[in-house]
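In what follows, a structure is listed as structure tokens, so that the remarks can point back to it.
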Number of protein chains: 2
Amino acid sequence: MALEHAILVSLLEKPGSGYELARRFERSIGYFWNATHQQIYRVLKRMESDGWIDVREVPQQARPDKKEYSVAAAGRAALHGWLNEPIEPESVRHDLAVKIRGAAFDDPAALIGEVDRHRQAHTDRLAHYLAGERRDFTGPEASDPPDAGRELQHVVLRGGIAYERMMLAWLDDVLATLHRLAADR
Amino acid sequence: MALEHAILVSLLEKPGSGYELARRFERSIGYFWNATHQQIYRVLKRMESDGWIDVREVPQQARPDKKEYSVAAAGRAALHGWLNEPIEPESVRHDLAVKIRGAAFDDPAALIGEVDRHRQAHTDRLAHYLAGERRDFTGPEASDPPDAGRELQHVVLRGGIAYERMMLAWLDDVLATLHRLAADR
DNA sequence: TGCATCATGTAATCAGTTACATGATTTT
DNA sequence: AAAATCATGTAACTGATTACATGATGCA
């Protein structure tokens with residue numbers, strides 16, 4: 001399990017409340033890791049009682065108070081342990097691939113709309129990533145010594161960009177195949 | 001949930017036992033959907049009691065008897081329903097991406113070995129896919145009318161190939177970044 | 001007045017993983 | 001003699017999803 005670790009990394013990058021973490025998981029981090037607020041609150045509670053994170057009550061005006069979490073020494077140690085422990089190259093779950101193979105036993109043409117929707121979603125994500133890259137990773141080049149955090153965030157973002165581009169190309173391939181099957185029969 | 005549906009598709013492509021399904025999930029299908037035998041046996045039982053699949057006891061010589069499952073009318077209907085119901089473009093979980101960002105708060109160089117291991121795993125998978133493509137999708141071209149099942153299986157396989165190629169290129173990018181950070185500091 | 005945002009949670013259920021369990025045959 | 005393959009399952013636990021619940025402020 002690694003939701004704990006994803007939270008640790010996010011809190012090391014910037015301390016924040018459960019609510020803020022949930023929003024980060026919806027946006028940036030959420031593209032390679034997702035979690036709902038219910039899940040996050042539960043895990044934060046466990047992490048706190050395990051001494052991985054510290055809490056600080058932050059009173060706010062015109063807003064409910066929030067609990068700001070930050071990483072404690074034990075949390076850093078836990079992250080260190082996890083980083084030095086091998087993980088399995090993840091086996092993905094591509095629902096869409098199952099649907100495509102399933103379409104052989106149904107109407108392939110009926111899938112076109114669905115694939116189009118996915119294509120649109122990936123187009124949007126790609127645009128979102130590229131905007132983020134332009135915002136955060138252009139301008140003042142490599143400081144010396146280089147900022148490791150910045151470099152590493154950038155390489156992860158480049159991964160997201162490569163993934164979306166690959167998906168778009170593949171979805172075009174899928175659409176061409178579906179159209180071909182719909183045409184000649 | 002879609003394990004049921006993945007099983008339906010697999011059984012439509014070819015009826016088989018729980019054990020055989022588990023093996024298919026390890027090999028071909030397992031690259032875009034994974035499931036253990038325990039999970040599969042449980043789901044098969046539920047699907048059977050829901051009337052989605054039929055069972056046939058197959059006695060074998062020199063081997064334990066097996067239960068061969070095949071898709072019933074209700075199962076086909078369930079698949080049809082699922083195919084015509086939109087699914088969310090999946091949010092993936094990239095543990096490795098979390099580790100890479102986490103390395104900013106630890107030693108980036110320590111991650112090199114791990115990333116190398118992943119690179120090797122993806123190289124192996126790519127080779128496996130390409131071998132499968134050569135075996136199953138070369139030779140006698142487009143029959144007329146084309147075999148929809150074959151075409152759709154091929155386009156899914158092309159997706160797997162594109163994914164592995166993208167990952168290899170990205171992991172090279174990651175390795176270059178890690179080496180750079182390890183060198184100048 | 002109604003909806004969105006900020007902020008936190010509980011409870012129930014469902015899905016997935018790990019461990020345990022059995023037993024024959026075939027291959028090294 | 002030991003390990004791998006074929007074949008099926010149960011039990012316990014952990015993780016994830018969905019539904020329910022509350023309550024203030026600010027905007028249209």
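Chain letters run A, B, ... following the sequence lines, proteins first and then strands; every chain starts at 1. All values below come from the heavy atoms of this structure, side chains included, with hydrogens, waters and symmetry mates left out. What you are looking at is a predicted structure, and each value in this text was computed from that prediction instead of being measured.
In this structure, NE2 of B:His37 is placed 14 Å from P of D:dC6, rounded to the nearest angstrom. Look at CD1 on B:Ile40: it is 13 Å from P on D:dG9, rounded to the nearest Å. In this structure, B:Asp65 places its CG atom 16 Å from P of D:dC6, rounding to the nearest Å. The separation between A:Glu4 atom CD and D:dT14 atom P is 12 Å, rounded to whole Å.
Neither side chain, B:Arg76 nor B:His80, offers a donor N or O lying under 3.5 Å from an acceptor on the other. Residues B:Gln120 and B:Asp124 bring a donor and an acceptor atom of their side chains to less than 3.5 Å of each other.
In this structure, the separation between NZ on B:Lys99 and CG on B:Asp106 is 10.0 Å, given to the nearest 0.5 Å.
Of the residues in residues 12-23 of chain A, those placing a heavy atom less than 4.0 Å from an atom of DNA chain C are A:Ser17, A:Gly18, A:Tyr19, A:Arg23, in numerical order.
For the pair A:Leu8/B:Phe105, no side-chain contact is recorded, criterion being any heavy-atom separation below 4.5 Å from C-beta on.
Comparing D:dT17, D:dA7, C:dA7 against the side chain of B:Arg63 picks out D:dA7 as the nearest. When the nucleotides D:dC6, C:dT18, C:dT8 are ranked by their closest atom to the side chain of B:Pro64, D:dC6 comes out on top.
A salt bridge is defined here as a Lys NZ or Arg NE, NH1 or NH2 lying under 4.0 Å from an Asp or Glu carboxylate O, and A:Asp136 with A:Arg150 fails to meet this definition. The pair B:Glu133-B:Arg158 does not count as a salt bridge, with every side-chain nitrogen at least 4.0 angstrom from each carboxylate oxygen.
For the helix from C:dT1-D:dA28 to C:dT28-D:dA1, the angle separating the two terminal helix axes comes to 40°, with each axis derived from five pairs and the value rounded to 10°.
Heavy atoms of B:Gln60 sit under 4.0 angstrom from primed sugar atoms or phosphate atoms, though from no base atom.
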If you look only at distance, which donor and acceptor atoms sit under 3.5 Å apart when one is on a side chain in residues 49-59 of chain B and the other is two or more places apart or in another chain?
from: B:Ser49; atom 1: OG; to: B:Arg46; atom 2: O; distance (Å): 3.1
from: B:Arg56; atom 1: NH2; to: B:Glu68; atom 2: OE1; distance (Å): 2.9

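Remark: A:Tyr41 is not in phosphate contact with C:dG9, judged by side-chain N or O atoms under 4.0 Å from OP1 or OP2. Contact annotation: B:Gln38 does not reach the phosphate of C:dT17 (side-chain N/O to OP1 or OP2, under 4.0 Å). OP1 and OP2 of C:dT8 both lie 4.0 Å or more from every side-chain N or O belonging to A:Lys45.
Ring geometry, A:Tyr163 versus B:His94: the interplanar angle exceeds 60°, so the pair is classed perpendicular (tilted spans 30 to 60°).
The heavy-atom pair separating A:Met166 from B:Ala162 by the smallest distance is CG-O, 3.6 Å.
Counting distance only, with no hydrogens placed and no angle test, the side-chain atoms of A:Arg42 and the base atoms of D:dT17 include a donor-acceptor pair under 3.5 Å.
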